[in-house]
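Naming: A, B, ... by sequence-line order, numbering from 1 per chain. Nothing here was measured: the structure is a model prediction, and the numbers come from that model. Below, all heavy atoms of this structure are taken into account, side chains as well, without hydrogens, waters or symmetry copies.
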There are 2 protein chains.
Amino acid sequence: MDPLSSAFSALADPTRRAILARLAEGEATVNEIAEPFDISLPAVSRHLKVLESAGLITRGRDAQWRPCKLEPKALKGVDDWLSFYRRFWDQRFDKMDAYLTRLQKKEKRK
Amino acid sequence: MDPLSSAFSALADPTRRAILARLAEGEATVNEIAEPFDISLPAVSRHLKVLESAGLITRGRDAQWRPCKLEPKALKGVDDWLSFYRRFWDQRFDKMDAYLTRLQKKEKRK
DNA sequence: TCATTAATTAACAAGAATGTTAAATAATGG
DNA sequence: CCATTATTTAACATTCTTGTTAATTAATGA
């Protein structure tokens with residue numbers, strides 16, 4: 001699957017978004033991550049796997065623990081995709097658009 | 001499903017993202033939207049339904065045509081969710097963060 | 001070595017997503 | 001009214017997702 005699709009797919013699950021929110025506060029082990037949820041540990045483990053294959057987290061090793069870490073690059077990818085559409089709701093980008101169009105026309109006239 | 005989840009879920013499909021890209025250029029009917037894809041019309045119709053329930057598009061009626069229109073609000077919702085994580089890749093936001101923390105401490109000292 | 005703790009994998013079930021073709025509905029216009 | 005065009009719904013098959021419990025692997029340390 002392409003990186004963008006797997007990122008969006010991973011973010012579509014509220015549990016996984018909650019996990020990312022937790023990791024925004026700092027690294028955490030699987031058990032720490034699982035603690036607030038009402039699902040089994042294997043289920044959490046699989047959510048982490050999904051997040052990892054989407055590039056949204058990485059996992060290290062510290063004795064028997066597997067500390068998870070937020071990996072912002074994938075989120076940046078989502079943001080980059082989104083940036084194309086920003087002009088549709090953000091007036092500042094609309095103005096930027098108009099400015100660039102004017103500039104382009106000026107360029108053409110030369 | 002919560003709005004954010006259905007938006008992410010809708011965006012996870014490349015065909016649907018391509019449809020949004022097409023609609024960024026302007027309204028289009030179902031047949032116009034379907035034209036570049038190698039899937040059946042009913043399949044496209046269902047992609048549109050998914051985009052519509054996610055709030056990413058709206059559909060009107062013009063005789064037997066159903067013009068589809070990009071609806072940026074849902075994308076703005078995604079952007080808002082993302083904004084919390086922006087500090088992790090965007091230094092400008094990191095500095096903004098530090099600035100706000102300093103400001104808060106200053107406030108506390110009063 | 002063996003008990004303990006941490007985490008993953010296996011095997012399975014249930015439900016959702018996506019595609020297909022065929023049939024149905026909507027709107028138009030001769 | 002009926003043919004035509006645009007689109008959706010129905011019925012079905014296939015694959016993906018997500019959860020469960022039970023078993024397995026990994027690392028530590030008495």
Side-chain angles (χ1 to χ4, degrees), chain A residues 1-23 26-71 74, chain B residues 1-23 26-71 74:
Chain A
M1 203 171 13
D2 67 291
L4 211 42
S5 293
S6 54
F8 277 128
S9 196
L11 296 173
D13 187 288
T15 301
R16 286 193 289 262
R17 291 201 303 279
I19 290 173
L20 291 186
R22 166 66 187 80
L23 294 180
E27 298 195 10
T29 68
V30 178
N31 270 292
E32 286 167 347
I33 290 166
E35 199 273 317
F37 300 107
D38 263 357
I39 57 176
S40 66
L41 210 57
V44 172
S45 184
R46 261 159 103 176
H47 279 305
L48 293 172
K49 202 175 184 177
V50 172
L51 288 168
E52 190 182 29
S53 6
L56 287 159
I57 67 166
T58 49
R59 282 186 282 186
R61 170 67 86 177
D62 174 14
Q64 67 264 63
W65 294 275
R66 307 289 317 268
C68 297
K69 197 169 151 291
L70 186 67
E71 214 52 64
Chain B
M1 202 168 18
D2 67 292
L4 211 43
S5 293
S6 54
F8 278 128
S9 194
L11 295 173
D13 188 288
T15 301
R16 286 195 289 262
R17 290 200 303 278
I19 290 173
L20 292 186
R22 166 66 188 80
L23 294 180
E27 300 196 10
T29 68
V30 179
N31 269 293
E32 287 169 346
I33 290 166
E35 198 272 317
F37 300 107
D38 263 356
I39 57 176
S40 66
L41 212 55
V44 173
S45 184
R46 261 158 106 178
H47 279 305
L48 292 173
K49 202 175 184 177
V50 171
L51 289 168
E52 190 182 28
S53 7
L56 287 160
I57 66 166
T58 49
R59 282 187 281 187
R61 170 67 87 175
D62 174 13
Q64 66 265 63
W65 294 275
R66 307 290 316 269
C68 297
K69 196 170 151 288
L70 186 67
E71 213 53 63

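When the nucleotides C/dG19, D/dT8, D/dA27 are ranked by their closest atom to the side chain of B/Val30, D/dT8 comes out on top. Closest to the side chain of A/Asp13, from the set C/dA6, D/dT18, C/dT18, is D/dT18. Nearest to the side-chain atoms of B/Pro42 among the listed nucleotides D/dT9, D/dA6, D/dT28 stands D/dT9.
Using a 4.0 Å heavy-atom criterion, one finds that B/Arg46 contacts the bases of the nucleic acid, with or without backbone contacts as well. Nucleic acid contact for B/Ser9: none, since no nucleic acid atom lies under 4.0 Å from a heavy atom of the residue.
Within a 6.0 Å radius of CG in A/Asp38, other residues, nucleotides and ligands contribute 12 heavy atoms or fewer.
In this structure, B/Arg59 reaches the D/dT8 phosphate: one of its side-chain N or O atoms is under 4.0 Å from OP1 or OP2. Note on B/Asn31: every side-chain N or O is 4.0 Å or more away from OP1 and OP2 of D/dT5. Side-chain nitrogen and oxygen atoms of A/Ser40 include none within less than 4.0 Å of the OP1 or OP2 phosphate oxygen of D/dG19. The side chain of B/Lys49 places an N or O atom within less than 4.0 Å of a non-bridging phosphate oxygen (OP1 or OP2) of D/dT9. Residue A/His47 places at least one side-chain N or O under 4.0 Å from the OP1 or OP2 atom of D/dG19.
Put simply, CD1 on B/Ile33 is 8 Å from P on D/dT7, counting in whole angstrom units. Following rounding to the nearest Å, A/Ile39 (CD1) and D/dT20 (C1') show an atom-to-atom distance of 11 Å.
Between the side chain of A/Arg59 and the backbone N or O of A/Arg66, no donor-acceptor pair lies under 3.5 Å.
Of the residues A/Asp13, A/Ile33, A/Leu56, the one that meets the side-chain contact (heavy atoms from CB on, under 4.5 Å) test with A/Ile19 is A/Ile33.
Each of A/Arg16 and A/Arg61 has a nearest nucleotide on DNA chain D; the 5'-most of these lies closest to A/Arg16. Mapping B/Ala63 and A/Val44 onto DNA chain C by nearest heavy atom places A/Val44 closer to the 5' end of the strand.
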Side chain to side chain contact (heavy atoms under 4.5 Å, CB included) between B/Thr15 and B/Val44, worked out
CA-CA 9 Å; B/Thr15 301; B/Val44 173; 5.9 Å; no
